[in-house]
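Single-structure report; data block below.
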Amino acid sequence: MKSAKPQVNHNQHGESQRALSPLQSTLSSASSPSQAYETYIDNGLICLKHKIRNIEKKKLKLEDYKDRLKNGEQLNPDQLEAVEKYEEVLHNLEFAKELQKTFSGLSQDLLKAQKKAQRREHMLKLEAEKK
């Protein structure tokens with residue numbers, strides 16, 4: 001997992017400069033803060049989606065090991081140790097899926113709030129122009 005600690009770069013005069021965090025770089029490159037947050041959340045959802053895919057692959061592999069054990073096949077010690085962690089993998093998969101649902105819901109709420117704020121700004125602008 002990546003560290004949230006910002007990196008410090010030094011320029012040619014030996015002065016330290018802080019590198020931008022992923023959120024800061026997204027904010028600086030986006031046309032609006034709301035777009036930046038949306039992009040940042042989307043990137044987080046993509047990472048979570050990849051994590052879920054990897055856990056599902058691990059689950060399938062462990063299920064294969066369990067089937068091989070049932071059929072009387074010998075597994076090496078690492079494979080046996082992995083089979084013992086099957087329940088933990090299932091728990092992690094369930095947790096990651098719940099987290100994905102929660103973040104997706106939060107993302108939808110953010111989009112709704114942004115649209116509502118844009119409509120409100122537009123209406124205020126129209127009223128100001130009428131005066």
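Every value quoted in this text rests on a predicted model; they were computed, and no experiment measured them. Start at 1 with the first residue, then count along the sequence.
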*With side chains defined as the heavy atoms from C-beta onward, is the minimum distance between R120 and M123 less than 4.5 Å?*
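Not touching, per the 4.5 Å side-chain cut-off.
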
N/O donor to acceptor pairs below 3.5 angstrom from side-chain atoms of residues 75-84, sequence neighbours left out:
residue: N76; atom: OD1; partner: D78; partner atom: N; Å: 3.0
residue: N76; atom: OD1; partner: Q79; partner atom: N; Å: 2.8
residue: Q79; atom: OE1; partner: N76; partner atom: N; Å: 3.0

Nearest-0.5 Å distance that lies between atom [atom1] in [X] and atom [atom2] in [Y]:
X: I52; Y: F95; atom1: CD1; atom2: CZ; value: 10.5 Å
X: I55; Y: H91; atom1: CD1; atom2: NE2; value: 10.5 Å
X: I46; Y: Q100; atom1: CD1; atom2: CD; value: 11.0 Å
X: K58; Y: L93; atom1: NZ; atom2: CG; value: 11.5 Å
X: N43; Y: L48; atom1: CG; atom2: CG; value: 12.5 Å
X: L45; Y: L99; atom1: CG; atom2: CG; value: 9.0 Å

*May I ask you to decide if L60's main-chain N or O and D64's side chain share a donor-acceptor pair within less than 3.5 Å?*
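Not a single qualifying donor-acceptor pair exists.
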
*Could you pull out the closest heavy-atom pair between L110 and I41, with the gap in Å?*
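Looks like CD2-CD1, 3.4 Å.
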
Set of residues satisfying side-chain hydrogen bond (donor to acceptor under 3.5 Å, both in side chains) with respect to [X], sequence neighbours excluded:
X: E56; result: K97
X: E63; result: Y86
X: E121; result: none

_Sequence neighbours excluded - side-chain hydrogen bond (donor to acceptor under 3.5 Å, both in side chains) pairs with any residue from residues 101-111_ =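 Listed by first then second residue: nothing to list.
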
*For H122, which residues count as a side-chain contact (heavy atoms from CB on, under 4.5 Å) partner, sequence neighbours excluded?*
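H122 satisfies side-chain contact (heavy atoms from CB on, under 4.5 Å) with L126 only.
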
